[in-house]
Amino acid sequence: MGEDLRQVRIEKLDRIREAGINPYPERFERSHTLAEARIAGEDLQEKIAEALAADPEADTKALRIPVKVAGRMVLFRHMGKLCFGRLQDAHSQIQFSLERGKLDADAEKSKESYNFFRKITDIGDFVGVEGFLYFTKKGELTVSAETWTFLGKALRPLAGKHVGLQNQEMAWRQRYLDLISHQDARDRFKARIEITKTIRNFLDQHDFMEVETPILCGTASGAAARPFMTHHNSLDMEVHLRIAPETYLKRLIVAGYDKVYEMARCFRNEGMDPSHLQDFTMLEYYCSYWNYEDNMDFTQKLIQHVIKVVKGSLKFTYGDQELDFSGDWPRLSMRDLVLEHSGIDFEDYPDRDSLLKILDEKKISVENRDAGRGNLIDQLYKKTVRPKLINPMFLTQHPKDLSPLARANDDRPTIVDRFQLVVNTWEIVNAYSELVDPIDQRERLQDQAEAKAAGDDEAMPMDEDYLTAMEYGMPPISGWGMGIDRFTALLTDSQNLRDTVFFPLMRPIVEASEDEDEEGAEKSES
RNA sequence: CAGCGCAUAGCCUAAUGGUAGGGCACCAAACUUUUAAUUUGGGAUGACUGGGGGUUCAAAUCCCUCUGCGCUGACCA
């Protein structure tokens with residue numbers, strides 16, 4: 001199985017050891033990272049320009065900036081007594097050169113060192129180079145080596161130097177190969193890191209406190225979704241992985257923390273497709289004394305800030321869509337939007353039967369005919385309105401029975417004070433004025449629990465612990481949740497959320513064995 | 001879970017049912033300024049064209065099945 005390429009490298013490894021060199025040394029002291037060396041190169045360029053301005057005949061070769069750098073060698077070409085290689089790390093690349101006569105004061109030793117480098121290094125190996133920066137005739141910043149250090153052997157060859165790794169499955173299973181080969185992959189993950197950092201900075205500056213709440217919990221609440229379940233041995237109990245941090249964050253509001261947020265890994269045991277991961281990251285924050293309208297103002301500021309920092313502009317493209325986040329985003333109620341796009345004013349149909357009737361008359365297909373009125377409205381919205389929502393807009397005032405944790409509107413009790421930020425047909429943010437009345441909350445959870453008992457396994461379970469917390473009293477709150485993976489996908493032009501996480505979950509590859517055609521061979525971790 | 005599609009060497013990519021070919025990589029040689037370096041030479045490698053089975057004189061190609069992956073749909077952010 002293609003052992004020959006690997007075998008050649010193992011033989012080189014032996015030759016390195018025979019020469020008394022450790023092919024996997026314990027440390028290497030760098031003077032510059034590759035990015036820092038590039039910055040030093042800019043300084044060098046300025047110095048050369050100054051020297052030439054003062055004296056056009058100046059000997060600029062005397063201007064030397066010593067550096068000691070390291071990285072993975074990703075390109076190598078040699079021509080007799082001179083060779084060039086390229087080092088790469090996560091952030092940058094730099095070229096280095098080796099000259100046969102310049103690696104040692106002793107000419108013979110220098111030649112030996114040069115030839116040895118050529119013999120035993122391969123593309124993919126880690127190499128350290130100490131020397132000085134200069135510009136080649138073609139103007140490329142290069143480290144001229146005075147000594148080199150072997151820093152780590154790669155036994156397997158990298159993907160082709162230009163085509164890279166085209167195999168999508170391998171890019172997910174072995175993300176490190178994707179990252180080594182593709183600048184756009186490195187840029188994408190750099191953007192994700194910058195997005196979360198910028199969000200944290202912004203929230204911190206606005207006096208939000210970052211907190212951590214349980215992932216393993218007795219009841220998974222805070223959203224309508226099927227949880228992952230597992231068993232806790234010491235307590236001998238079933239536990240769920242959280243589907244949202246919501247009710248714990250609200251407990252902290254009860255405790256007196258005014259503004260809290262969590263960058264929360266959440267888990268939902270649902271279907272898998274390009275816009276859904278089962279293990280995903282949701283940012284939630286809660287702010288005391290705000291209502292959902294304050295929250296919309298803040299949301300717009302936060303997101304515009306992040307996009308400006310990460311993209312440099314509030315207008316950018318996603319796929320073949322032009323997205324424009326500038327200005328104030330429109331705020332439209334679900335009722336008005338549905339009326340506009342379907343001609344149905346759902347306020348005219350106060351119960352599910354009459355609504356179902358008009359849907360049939362309008363020939364709008366309904367997947368789940370047993371659903372309640374709120375769910376039917378949701379289906380109507382998703383069918384007729386959402387596919388048309390491209391530029392950012394706030395969708396507000398959802399029906400109450402879709403939102404068991406949201407506060408009902410004071411003037412119109414059938415709707416709730418809620419908004420979603422919709423971009424490119426995706427719900428990026430979901431937020432509302434929180435329900436803080438424990439008695440109302442209990443009734444709504446009871447409705448949910450009944451629906452759950454009746455077979456709706458996505459309805460919320462009763463959560464007595466949370467209700468107890470609520471009964472100790474809550475201030476007005478507005479809360480907020482955003483899918484970080486989706487937001488990242490939007491800003492990095494990723495069509496699949498798996499490209500926004502380093503290691504998406506994949507089925508294990510089971511080695512085909514000849515005499516075991518039964519599936520009994522469960523593989524345990526080795 | 002259903003429908004459609006994909007799987008060829010380390011990587012990338014060809015092959016009307018008729019000898020599995022090329023590029024990169026690899027090995028050897030020349031070359032002091034390369035930038036996907038170039039030029040020359042080389043062999044090796046597909047023991048199973050993802051695994052297994054079938055049709056056929058003949059299968060990468062057609063059929064069945066299994067595995068993995070994608071896309072679309074359903075549930076969901």
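None of the values given here were measured: they were computed from a predicted structure. Residue numbers begin at 1 in each chain, while the letters A, B, ... track the order of the sequences.
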Work out how far the P atom of C6(B) is from that of U61(B), and round it to whole angstrom. 12 Å
Verdict with reasoning, Asp89(A) to Arg72(A), per salt bridge (Lys or Arg N to Asp or Glu O under 4.0 Å): CA-CA 7 Å; Asp89(A) 63 20; Arg72(A) 186 190 291 276; over 6 Å; no
Practice problem: Answer with base, sugar-phosphate or nothing: what part of the nucleic acid does Asn430(A) contact at a heavy-atom distance below 4.0 Å? | Solution: nothing
Please check if the distance between the ring centroids of Phe298(A) and Phe202(A) is under 6.0 Å. yes
So Gly164(A), base contact, sugar-phosphate only, or nothing? Heavy-atom distance under 4.0 Å. sugar-phosphate
All heavy atoms of Thr121(A) vs all of Phe117(A), minimum pair found to be OG1-O, 2.7 Å
In whole angstroms, the gap separating C1' of C11(B) from CD1 of Ile180(A) amounts to 13 Å
When rounded to whole Å, the CD to C1' distance for the pair Glu99(A) and C31(B) reads 14 Å
A correct 5'-to-3' footprint of nucleotides 20-30 of chain B, with B, S and - meaning base, sugar-phosphate only and no protein heavy atom under 4.0 Å, is ----SSSS---
Contacts of Leu103(A) meeting side-chain contact (heavy atoms from CB on, under 4.5 Å) (sequence neighbours excluded), chain-then-number -> Leu98(A), Ser110(A), Ser113(A), Tyr114(A), Ala145(A), Trp148(A)
Atom C1', compared across U19(B) and A14(B): separation rounded to whole Å: 16 Å
By nearest-heavy-atom nucleotide on RNA chain B, the more 5' of Asn167(A) and Trp172(A) is Asn167(A)
Atom OH of Tyr134(A) and atom C1' of U33(B) are separated, to the nearest Å, by 7 Å
Here the distance between atom C1' of C75(B) and atom CZ of Phe228(A), to the nearest Å, is 13 Å
Any salt bridge between Asp485(A) and Arg498(A), counting N to O under 4.0 Å? no
Handout entry: P gap between G50(B) and C57(B), integer Å
Key = 25 Å
- Using a cut-off of less than 4.0 Å, is there contact between a side-chain N or O of Arg173(A) and OP1 or OP2 of G68(B)? no
In whole angstroms, the gap separating P of U13(B) from CG of Leu165(A) amounts to 10 Å
query = Reckon Met506(A) touches a base, only the sugar-phosphate, or nothing at all at heavy-atom distances under 4.0 Å?
reply = sugar-phosphate
To the nearest angstrom, the CZ-C1' distance between Arg498(A) and C71(B) comes to 12 Å
query = For C75(B), does either OP1 or OP2 sit under 4.0 Å from a side-chain N or O belonging to Arg226(A)?
reply = no
Taking the C1' atom of each, how far is U38(B) from U32(B), in whole Å? 14 Å
Whole-Å distance, Lys81(A) NZ to A37(B) C1', equals 18 Å
On a whole-Å scale, what distance lies between the P atoms belonging to A25(B) and A58(B)? 41 Å
Quick one: does Thr136(A) reach the base of U35(B) with a side-chain donor-acceptor pair under 3.5 Å? yes
**Request:** Please confirm whether any donor atom in the side chain of Glu140(A) sits under 3.5 Å from an acceptor in the base of U34(B), or the reverse.
**Result:** no
### Message
Looking at Arg507(A), I'd like to know whether one of its side-chain N or O atoms comes within less than 4.0 Å of OP1 or OP2 on G68(B).
### Response
yes
Side chains of residues 78-87 of chain A: which donor-acceptor pairs under 3.5 Å do they make with residues two or more places apart or in other chains?
| from | atom 1 | to | atom 2 | distance (Å) |
| --- | --- | --- | --- | --- |
| Arg86(A) | NH1 | Gln93(A) | OE1 | 3.2 |
| Arg86(A) | NH2 | Glu140(A) | OE2 | 2.6 |

Classified by glycosidic angle (syn within 90° of 0, else anti), A47(B) comes out syn
By salt bridge (charged side-chain N to carboxylate O under 4.0 Å, His left out), Glu11(A) pairs with (sequence neighbours left out) none
With the side chain defined as heavy atoms from C-beta on, Arg86(A) is closest, among C69(B), U35(B), C71(B), to U35(B)
Residues Phe280(A) and Phe267(A): closest non-hydrogen pair is CE2-N, 4.2 Å
message = Between G53(B) and C12(B), how many Å separate the two C1' atoms, rounded to a whole number?
response = 31 Å
Quick one: are the ring centres of Tyr292(A) and Tyr432(A) less than 6.0 Å apart? no
Rounded to whole Å, CD of Glu169(A) lies from P of U8(B) at a distance of 10 Å
query = Just checking Asp485(A): base, sugar-phosphate only, or nothing, at a heavy-atom cut-off of under 4.0 Å?
reply = nothing
The salt bridge (charged side-chain N to carboxylate O under 4.0 Å, His left out) partners of Arg173(A) (sequence neighbours excluded) come to Glu169(A)
task: For nucleotides A59(B) and A20(B), find the distance between their P atoms and express it as a whole number of Å.
output: 10 Å
Categorize Leu75(A) for me: base, sugar-phosphate, or nothing, with a 4.0 angstrom heavy-atom threshold over every strand shown.
sugar-phosphate
(request) For this output row, return yes or no: ring centroids of Phe419(A) and Trp329(A) closer than 6.0 angstrom. (result) no
| What distance, rounded to whole Å, do you find between the two C1' atoms, one in U13(B) and one in U49(B)? | 13 Å
Any stem touching RNA chain B, meaning at least three consecutive Watson-Crick or G-U pairs under 3.5 Å, ordered by first number, would be B:1-7 with B:67-73, B:10-13 with B:21-24, B:26-30 with B:38-42, B:50-54 with B:62-66
- Item | Test: Arg407(A) and Glu434(A) ion pair at under 4.0 Å | no
Taking OP1 and OP2 of A37(B), is either one under 4.0 Å from a side-chain nitrogen or oxygen of Arg77(A)? yes
C75(B), OP1 or OP2 - any side-chain N/O from Asn269(A) closer than 4.0 Å? no
Notebook entry, point to check: Heavy atoms under 4.0 Å, any strand shown: does Met170(A) hit a base, just sugar-phosphate, or nothing?
Noted result: sugar-phosphate
